[in-house]
Amino acid sequence: MNLLFEVFLEELPTSEMSHLENDVLDLFKSEMEDKNIPYKEPIFYLTPRRMALKFEFEEKTKQEDRKIYGPPKGVCFKDGKPTKALEGFLKKNKVTEENLKFEETKKGEYAVIIKKGDVLDTKPIVIKVIRNIFGNIHFYKKMKWGSGDYEYVRPVHNVLFLINDELVDFEFMGKKANNYTFGHRFMSKGKVEVNFENYESKLEENYVIINQRKRRELILKELENIAKKHDAQLIYDDELLEEVVNLVEYPVLVIGKFEDGFLKLPKEVLITSMKDHQRYFAFMKGEKLLNLFAAISNIKANNMNVIRNGYERVLRARFSDAKFFFEEDKKHKLESFVEKLGDMLFHEKLGTQLERTERLVKLTGFIANLMGFDEEKAKRAAYLSKADLLTQMVYEFPELQGIMGREYALISGEDKEVADGIHEQYLPKGNEIPRREAGISLSIADKIDIIVGGFFAGLKPTGAKDPYGLRRAALGIIRTIIENKIFVNLRTILGKSAEFYNKEVDFDEIEEFFKIRFENLYNDYSYSLLKSITFNFDDIYDAYLRLLAIDRFIKKDSSKEKRFAIKRVFNIVKDFNSLDVREELLLQDEEKALFAKIKDIESELDGYLKDRRYFDLLGRVASIKDTINIFFDRVMVMDKDKGLRDNRLSLLNRLKNIVLNVANFKYLEI
């Protein structure tokens, strides 16, 4: 059987559309599998004005057999005859004594019958499934309309519901199902009767490209053709492309131009204005921005010049405003805005932006010094880091904070390292990472400051909510440190930040917060592997190198025996702490041999750790596998004599302590 369902409604917010496909298909899969209904892969369609689902399913379904328990065996019979309790159980389930079995449970032996699953018609079940799916989609905001009887993401205007191309008796959000839908709001003539096979083609005839993937491909292909025509490169922006796909039902490309004079503005200003305010695509030719843009219209007019002129007129006004703001801002040195930050509140519990700047100067300088960077340039970047928040350009275009700070710093004669640092404080973004010394120091300081402040001010993330971006800040620090291969003690920086706040914070809690972000970032690795290295998380880049080492050791060294030999040591030592081995208590040759091997490795240990050759260190420990196994086979570790027992545990603990420089095998599944 085949099914076609569509909800036709007022324009959906793009913020809701981004999650709809995954949500609907997840609900579909859950519902169909729960009801044990065989189906073929569904297609979910999405435009600004409709959500639709189309799939095929089997006409019948065999429900699973069920095991039904009855009374205890002891009360089922009396004098060899069934009791009323047993008779009632059999009658209720419409079976005879022949179907009865007894099964041992934790509470004793009970009567049990196997209820064979019925073979059911799937059509009425699937109708309920559709109601459950579209009635239970999670929307961030809902609205009521009319007399307020219904609540949904937007008012529903029509419902299309066909099974085997026959109209289904169904009502949703006050609308009775029809066998028709509607075409494009302006270019179609009204109702469009469709069936399972021609749904896409009929709508396309009526100026609706229902398949969102097809709309995306069409838009991207046309944009790339325009770039090719002008020997240029499209400034590809996946977020913008996704938004435009979700704004139109029938994409029509419109190419416009703007005056060359506006190219004197920083290209980021022009690109941001085109993207964020107008949803236009921009083009580059080498390092130069072209005075060309592409817009996606939702209508094909008889005279497209009218639409083009409208787009150009709106953009000209935007750019004129930006040019005015830029010229006004340039009249002032960037540092002249710093003192005025005292009038701008950062957070009621964390002070003004000026107070934050003062903290950042000290913390950035401390971090730069710790990493061997130029401390003065880093501190200068921190001092100017928030000044652009008071410029007219950033007030109008908040997305340009940092970018305009860099531009105004250069115009004010600041060092390029300082200017780049102002921009890089807001990185990472996408694949862009802080790379300059001042930028790395300031980026880490900026994020540490909000995390430490956020923890004592009660701004910690809860559930899916993270209004102050603490999770994003922690991830940014982790990426910056790892991608720049920086070794630095996390607690040292956290402690210094808390000192500048003059507050006490729970460092264990914050470190755990970082660990979770690290584990999320590298969730391609197994949970046990991640836990084996995050037990020691003082140095983030060091933890990353140890993760690579243990992963390589397990994958490259396929000898399970070697890994198990190390695991045996961890299993028996557990929480034993002593490392003091008394040689006079080593009575057997096997324990003497193991001690000699351990001392050899200990003598080489500094070399491994200094160069962080963690994989080689694991291999070195694994090379004494036979000595370890012979020790376990012939030596009674848990001897009755406490002195011998503790000495042997201390011996093994020495070996465990070597391995702990890389990973805790307690967490590994060998």
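A salt bridge is defined here as a Lys NZ or Arg NE, NH1 or NH2 lying under 4.0 Å from an Asp or Glu carboxylate O, and Asp374 with Arg380 fails to meet this definition. Salt bridge Arg546/Asp542: present, at least one basic N to carboxylate O contact under 4.0 Å. Salt bridge Lys330/Glu327: present, at least one basic N to carboxylate O contact under 4.0 Å. The pair Asp415-Lys377 counts as a salt bridge, with a side-chain nitrogen and a carboxylate oxygen less than 4.0 angstrom apart. Electrostatic pairing of Arg406 and Asp388 does not count as a salt bridge here, judged by no charged N lying under 4.0 Å from a carboxylate O. Salt bridge Lys333/Glu414: absent, no basic N to carboxylate O contact under 4.0 Å. Under the 4.0 Å criterion applied to side-chain N and carboxylate O atoms, Lys496 and Asp449 are not assigned as salt-bridge partners. The residues Lys275 and Glu399 are annotated as not salt-bridged, no charged nitrogen and carboxylate oxygen being separated by less than 4.0 angstrom. Using a cut-off of 4.0 Å between Lys/Arg side-chain N and Asp/Glu carboxylate O, Lys142 and Glu16 are scored as not salt-bridged. Remark: Arg216 engages Asp238 in a salt bridge, criterion side-chain N to carboxylate O under 4.0 Å. No salt bridge links Asp466 with Arg472; every basic N to acidic carboxylate O contact stays at or beyond 4.0 Å.
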Given the rule in the ring pair (Phe, Tyr, Trp, His ring centres under 6.0 Å) test, do Phe553 and Tyr614 qualify, once you have shown the distances and angles that lead to the verdict?
CA-CA 9 Å; Phe553 176 71; Tyr614 295 127; over 10 Å; no
Requested in this report: Start with the C-alpha gap between Glu669 and Tyr527, add the side-chain angles, then the distance that decides, and say whether side chain to side chain contact (heavy atoms under 4.5 Å, CB included) holds.
Outcome: CA-CA 10 Å; Glu669 300 167 2; Tyr527 180 73; over 6 Å; no
Requested in this report: Under the side chain to side chain contact (heavy atoms under 4.5 Å, CB included) rule, what do Leu668 and Ile566 come out as? Steps first, then yes or no, please.
Outcome: CA-CA 11 Å; Leu668 294 176; Ile566 301 172; over 6 Å; no
- request: Please report the C-alpha distance between Lys666 and Asp575 in whole Å, then the side-chain angles of each, then the deciding distance to 0.1 Å, and finally whether the salt bridge (charged side-chain N to carboxylate O under 4.0 Å, His left out) criterion is met.
  value: CA-CA 11 Å; Lys666 175 178 77 172; Asp575 297 325; 5.5 Å; no
ask   = Given Phe281 and Leu234, is the side chain to side chain contact (heavy atoms under 4.5 Å, CB included) satisfied, shown in steps?
value = CA-CA 8 Å; Phe281 293 87; Leu234 167 70; 4.0 Å; yes
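At a threshold of 4.5 Å between non-hydrogen side-chain atoms, the residues Leu660 and Phe535 count as touching. At a threshold of 4.5 Å between non-hydrogen side-chain atoms, the residues Glu242 and Asn246 count as touching. Side-chain contact check for Ile624 versus Asp600: every heavy-atom pair is 4.5 Å or farther apart. The shortest distance between side-chain heavy atoms of Phe258 and Met274 falls below 4.5 Å. The side-chain heavy atoms of Leu354 and Val338, taken from C-beta on, include a pair separated by under 4.5 Å. The closest side-chain heavy-atom distance from Leu655 to Ile628 is below 4.5 Å. Taking the side chain as every heavy atom from C-beta outward, Asp506 and Phe455 never approach each other to under 4.5 Å. You'll find the side chain of Phe518 reaches within 4.5 Å of the side chain of Ile482, heavy atoms only.
Separating the CG atom in Asp237 from the CG atom in Leu223 is a distance of 11.5 Å, to the nearest 0.5 Å. Between Asn647 atom CG and Leu652 atom CG the span is 10.0 Å, to the nearest 0.5 Å. To the nearest 0.5 Å, atoms CZ (Phe507) and CD (Glu512) are separated by 15.5 Å. Note that CE of Met393 and CZ of Phe324 are 11.0 Å apart. Values are rounded to the nearest 0.5 Å. Atom CZ of residue Phe337 and atom CG of residue Leu384 lie 11.5 Å apart, to the nearest 0.5 angstrom. For the atom pair CD1 (Ile486) and CD1 (Ile440), the distance works out to 4.5 Å, reported to the nearest 0.5 Å.
Ring planes of Phe397 and Phe325: perpendicular class, angle over 60° (limits at 30 and 60°). Between Tyr544 and Tyr541, the angle of the ring planes stays under 30°, which puts this pair in the parallel group of the 30/60° scheme.
The environment of Asn523 atom CG is dense: over 12 non-hydrogen atoms of other residues, nucleotides or ligands sit within 6.0 angstrom. More than 12 heavy atoms of other residues, nucleotides or ligands lie within 6.0 Å of CD in Glu509, so this atom counts as buried by the packing criterion. The number of heavy-atom neighbours closer than 6.0 Å to OH of Tyr395, taken from other residues, nucleotides and ligands shown, is 12 or below. Atom NZ of Lys625 sits in a crowded spot, with more than 12 heavy atoms from other residues, nucleotides or ligands closer than 6.0 Å.
Within the 3.5 Å criterion, the main-chain N or O of Ser385 finds a donor-acceptor partner in the side chain of Gln425. Side-chain atoms of Glu417 come within 3.5 Å of backbone N or O of Ala438 as a donor-acceptor pair. Asp538 places no side-chain N or O within donor-acceptor distance of the main-chain N or O of Asn489, the cut-off being under 3.5 Å. A donor-acceptor pair under 3.5 Å is formed between the side chain of Asn661 and the backbone N or O of Ile658. Although no hydrogens or angles enter the test, the distance criterion places no donor-acceptor pair under 3.5 Å between the side chain of Asp551 and the main chain of Leu547. With hydrogens and angles disregarded, a donor-acceptor distance shorter than 3.5 Å links the side chain of Lys567 to the backbone of Phe665. Side-chain atoms of Asp611 never come within 3.5 Å of backbone atoms of Arg613 as a donor-acceptor pair (strictly under, hydrogens ignored). A donor-acceptor pair is defined here as one N or O able to donate and one able to accept, closer than 3.5 Å; such a pair exists between the side chain of Glu424 and the backbone of Arg436. Listed for the Ser650 side chain is a donor-acceptor partner under 3.5 Å among the backbone atoms of Asp646. In this structure, Gln212 contributes its side chain and Leu46 its backbone to a donor-acceptor pair below 3.5 Å.
Geometrically, Arg612 engages Phe487 in a cation-pi contact, judged by NZ or CZ lying under 6.0 Å from the ring centre and within 45° of the ring axis. Taking the ring centre of Phe513 as origin, the terminal cationic atom of Arg517 falls inside the region bounded by 6.0 Å and 45° from the ring axis.
Between Phe537 and Phe514, the ring centre distance reaches or exceeds 6.0 Å.
Between the side chains of Glu432 and His423, at least one donor N or O lies within less than 3.5 Å of an accepting N or O. No hydrogens or angles considered: a donor-acceptor pair under 3.5 Å links the side chains of Ser443 and Lys447.
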